[in-house]
Amino acid sequence: MATERYNPRETEPRWQSYWSDKKIFETDNDDPREKYYVLEMFPYPSGRIHMGHVRNYTMGDVVARFKRAKGFNVLHPMGWDAFGMPAENAAMQNNTHPKAWTYENIATMRDQLKSMGLSLDWSREFATCDVDYYHRQQMLFLDFLDKDLVYRKESKVNWDPVDQTVLANEQVIDGCGWRSGAPVEQRNLTQWFFKITDFSQDLLDELDNLDGWPEKVRLMQRNWIGRSEGLRIHFEFADAASVESETLEVFTTRPDTLYGASFMAVAAEHPLALKAAETNPELAAFIDECRKLGTSVAALETAEKKGIATGFKVKHPLVEGEELPIYVANFILMDYGTGAIFGCPAHDQRDLDFARTYGLPVKPVVLPKGEDAASFEIDTTANTDDGVLFNSEFLDGLSIDEAKDAVADKLENITVGGVAQGMRQVNFRLRDWGISRQRYWGCPIPVVHCDDCGVVPVKATDLPIELPDDINFDKPGNPLDRHPTWRAVACPSCGKPAKRETDTMDTFVDSSWYFARFTDPKADTPTTPQVASDWLPVDQYIGGIEHAILHLLYSRFFARAMGVAGHLNADEPFKGLFTQGMVTHETYKADDGKWISPAELRFEEEGGSRKAYLLDGGSEVKIGGIEKMSKSKRNTVDPTDILETYGADTARWFMLSDTPPERDLEWTAAGADGAFRFVQRIYRLFAEFKSQGLDPNAAIPATLDGQALELRKLAHKTVSLIEQDIEKLGFNRAVARVYELVNLMAKVKLNDKSDDAIKAVFAEALSYLAILINPMIPHLAEECWIMLGNETSLSNTDWPQFDPALLVENEILMPVQINGKKRAELTIPADADQKSIEDAVMKLDAVQNALNGGTPKKLIIVPKRIINVVV
RNA sequence: GCCCCCUUGGUGAAAUUGGUAAACACAGCGGACUUAAAAUCCGUAGCCUUCGGGCUUGCCAGUUCAAGUCUGGCAGGGGGCACCA
């Protein structure tokens, strides 16, 4: 029978308008139903959506639509992470305005997203570059300032001398600016910092409770926060007269190795180093060199452990008369611990390298198992393994942990200069978050610099501080700095002429609280606290693994800081987190080494292998590896092309099929064709039913058998299974289950002679099928639903209730193993007792033959699973 | 250097969490329909085999009646952090 083909180009826009006109996906904050907040990481408006977006937003949409059908009040918003450097770069290259460029991109991408048929509440949409949004971000900043969660300090930054701007670490490539290519300098600038370290312990502890997060991400955050327990030790100066303070303070996680100490080392920026440099030109030059070298990866890998003696010495706290020389060393970081260490070369590789270079003593104090105390020596590898203390007086014979405690106990009870010489301390790797950026296209930091009053916050009533539109990018640097009038302002405190802060906030600030703003995006305050607290945490957050640390950690900090400032009451921003894999594609390379886009090629099957030829000219190109879609490798596929050729449902179906969502998904043309064919196949199933004039609401007889029973059981089972799959985000499994149901339905050939039972069961299966596929391919589902004679939208239709009785099997086919190998099968009633199963097993030929007249050593019957006869 | 993850047919994968390995799909092969093609439908399909069966989840051991799943070791691939004292 000929049926018309499904035409997504006509159908999809029609349903999109329907959903939009009826405001179906707009969410009411006062809805009494249980809430469910599903969110995908909002996009940066770079210009066009890419396949990664399609995958991300499809997954979120499946969850949103499913939860809607399950009766939740679902919040599923969308917005734009719209501040950032690309807009400024575009402005410089194309002579456009960052604002115009950004909003144009948003318009394009909004249309693209809308053509995907996502169940988004567009009424809550905002961009972080909307004055309305960054106004509230400035309010947050002032509140944080008030709550002592923001401060200013001088710190080292990556400075690009050509572009005259600070660069983030990620923007420094091999020690050079990513745009200018100029060697990056370390500069000291006064920057604003958020006190994320106030929450170090809590951010670490609460990871244990985030059981809806991937273990991998939790681990990455644990490592990033980097908690270590140790001892802070005051070393008394041997010649106290020469320095101002009486002690040099260090942090160590290995106080057990104190008897192995042979030198002290301080960072180049350490006050003691600067003090010593005053009278030591050689040292001053060395400090300068350290500063220039910076801390780039490349520099670190090649840099040798170098240092210069300060001439100062400290007394060993436990060895009478022993003195340790103090060096300034290039491998000591000023911003970890106290910026000073004691060096124990035998048990720390860096210390060992340093000691070998400068001929310092290397005295082992931990003896590894199986080594002899008399002969154990350290050569070029420091010993960091477990062992027993020796050469260490009162510590001898103790384990490392015992010795750590023993040293801590001892030093805590010695006072030097009025304080305990040792103090147990916890140290974190996590640093405060520097948010100042010397850029135009970001949220202005709402403070004023007054010659008399210093740094003065802008009055809340004077907010927002808006970015000026009349700027130019004809020179590098921050255009706000050279704006003719914008900077000039009266001091909020004394009223005298003062200057605005021209730094803007890191764009990560913008994305650290947008999920809270979505709960009440038009509020005059950053949030309406009660509303935000009701919606948060986000139940399911979905995005890329690349944000495992920064964005997700910053957001966790913001949830806490906003809690302190009274803007919301939620321990964590994201209850469930899912990190999806990338979208990849084959790569193609011409003989001259140039990457070729798949759109420029045709493919042929030759002798079992695929070959690729240029459409233009026909020469063969090499098929290369499968890699992340990227412009540089030219292996991208534009979602717009796919949406126009195949429709949104096909793209969505492809994204969900086959590959588990956390893994990388390879986009292939063949796969897209396959997805399209399946969309058509489902349509035909419904169209043929309709064309036969069958009753979609026929009553199902009380008793069924044969194919009707089989189909009805599978339909109900599929409802149950897909429900579980979607709950666990196992979209690929859900897709496989749809195929199974459709395959069975396709086997049922309905015609005039079909009995009423199968017709009725088929009709029920069709209506279930429409609901089941709705979260995944909603346009087709709606269309099919209408073909069944329904008048309401599937978007307002509940998930079906499966009948549990239909999931129970009366008879079970159990495999029978003999000595662990499958040798027979046995069909047993589900309620068979142990004895009758045993009897049946013993009667089997295979079992009789194996036993050869004897009795089994063991008979294992796992109910409803398996039988194993051990002979 | 430290920490973590992954490895199943030609390919993407599934496996009720220790219980019939390979569901489902893609690609393939055979067939039907067609003047032909597309589309569609039916069938087939891990490997070896002397047709009895044997082997099979990167490799080697172990635990168990039973291992893709648990334990130990090895190999390959990927990721995170990285002078963090």
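Quick note on labels: first sequence line is chain A, next is B, and so on, each numbered from 1. Given the structure is predicted, the values throughout are model-derived calculations rather than measurements.
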Nucleotide pairing, RNA chain B (Watson-Crick or G-U, distances under 3.5 Å), in dot-bracket with [ ] and |: (((((((..(((......[....))).(((((.......))))).(((....)))..(((((..]....))))))))))))....

Side-chain contact check for A:Tyr739: nearest option of B:A82, B:C24, B:A85 is B:C24

Give every pair of a protein N or O atom and an N or O atom of nucleotides 20-23 of chain B that lie under 3.5 Å apart, one pair per line with the distance.
unit_1: B:U20; atom_1: O2; unit_2: A:Lys822; atom_2: NZ; d: 2.8
unit_1: B:A23; atom_1: O2'; unit_2: A:Glu740; atom_2: OE2; d: 3.1

Just to be sure I understand the rule, does A:Ile332 reach a base, reach only the sugar-phosphate, or reach nothing, if contact means heavy atoms closer than 4.0 Å? base

Syn or anti for B:G58, taking syn as within 90° of 0? anti

From B:A13, B:C3, B:C65, nucleotide with atom closest to A:Thr659 side chain: B:A13

Please identify each residue that fulfils side chain to side chain contact (heavy atoms under 4.5 Å, CB included) with A:Thr384, with sequence neighbours left out. none

Partner residues of A:Ser630 under the side chain to side chain contact (heavy atoms under 4.5 Å, CB included) criterion, sequence neighbours left out: A:Ser632, A:Lys633, A:Asn635

Which residue, A:Met220 or A:Met334, contacts RNA chain B at a nucleotide closer to its 5' end, judged by nearest heavy atom? A:Met220

Please list each protein N or O that sits under 3.5 Å from an N or O in nucleotides 5-8 of chain B, with the distance.
none

Least distance between heavy atoms, A:Pro364 atom then A:Ile378 atom: CB-CG1, 4.2 Å

Assign A:Ser657 to base, sugar-phosphate, or nothing according to its heavy-atom contacts below 4.0 angstrom with the strands shown. nothing

Could you pull out all residues at least two apart from A:Glu838 that satisfy salt bridge (Lys or Arg N to Asp or Glu O under 4.0 Å)? none

Students often get this wrong, so: under 4.0 angstrom with heavy atoms, is A:Val862 touching a base, only sugar-phosphate, or nothing? base

Residues passing the side chain to side chain contact (heavy atoms under 4.5 Å, CB included) test with A:Arg823, sequence neighbours excluded, are A:Ile818, A:Lys821, A:Ala846

Since syn is defined as within 90° of 0, does B:G52 count as syn or as anti? syn

Ranking B:A82, B:C65, B:G80 by distance to the side chain of A:Ile860, first place goes to B:C65

Between the protein and nucleotides 47-56 of chain B, are there any N/O to N/O pairs under 3.5 Å, and if so, what are the atom names and distances?
unit_1: B:G54; atom_1: OP1; unit_2: A:Arg823; atom_2: NH2; d: 3.3
unit_1: B:G54; atom_1: OP2; unit_2: A:Arg823; atom_2: NH2; d: 3.3

Counting any heavy atom closer than 4.0 Å, what does A:Asn868 reach on the DNA or RNA strands: base, sugar-phosphate only, or nothing? base

Considering only nitrogen or oxygen atoms on both sides, find all protein atoms under 3.5 Å from nucleotides 37-44 of chain B and state each distance.
unit_1: B:U40; atom_1: O3'; unit_2: A:Arg684; atom_2: NH2; d: 3.4

Under-4.0 Å salt bridge between A:Asp379 and A:Arg356: no

Under the ring pair (Phe, Tyr, Trp, His ring centres under 6.0 Å) test, which residues partner A:Phe654, sequence neighbours left out? A:Trp667

Taking only heavy atoms on the protein side, list every residue of residues 257-271 of chain A lying under 4.0 Å from any atom of RNA chain B, sorted numerically. none

Mapping A:Ser228 and A:Trp224 onto RNA chain B by nearest heavy atom, which one lands closer to the 5' end? A:Trp224

Applied to residues 714-735 of chain A, the ring-ring contact (aromatic ring centres under 6.0 Å, His included) test, sequence neighbours excluded, yields A:His716-A:Tyr768

